[in-house]
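Reading through the structure tokens given below for one structure.
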Amino acid sequence: MIKVANLSDIPEGGSKLVMVDDTPIALFNLKGKIHAWDNRCPHRGSSLADGYISDDIIQCKFHLWEFDVEIGCAVANSNLKVKTFKFEIKEESVFISQ
Ligand code: FES
């Protein structure tokens, strides 16, 4: 596990982009719950951390594909998954499994 952020770095309803080795990971804070996703949109790789964030949906800014945060897949096609990462929160910090 590697520390990637302080919880206070991820605003509620917002995101923070971190790098683990060469992998960009988007940390989202939605209704106080953290999610760790591969930042690269499964469509054409645009940054999901820069997308439109609502309570349940991350929408890529580039072509507006929508992804369901709870199940980590596209709203229109549940077979289109976003890679997610295991993480732990300890003492107000976020740690990602390598
Ligand atoms: S790159 Fe994200 S919807 Fe096209």
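Both ligands and their constituent atoms are indexed starting at 1 by order of listing.
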Legend entry - Beyond-backbone contact of Leu30 with Asp56, side-chain heavy atoms, under 4.5 angstrom: no
Legend entry - Side-chain touch Trp65/Gln59, heavy atoms, less than 4.5 angstrom: no
Legend entry - Flag if over 12 foreign heavy atoms under 6.0 Å of CD, Glu12: yes
Inset, instruction - Enumerate the protein N/O/S atoms at a distance below 2.8 Å from atom 2 (Fe) of ligand 1, ignoring waters. - result: Cys41 SG, Cys60 SG
Inset, instruction - Using the test salt bridge (Lys or Arg N to Asp or Glu O under 4.0 Å), find all partners of Lys33 that sit at least two apart in sequence or belong to another chain. - result: Glu70
Inset, instruction - Run through Phe67, Phe85, Trp37 and flag the one making a ring-ring contact (aromatic ring centres under 6.0 Å, His included) with Phe28. - result: Trp37
Legend entry - Close side-chain approach of Asp38 and Thr84, heavy atoms under 4.5 Å: no
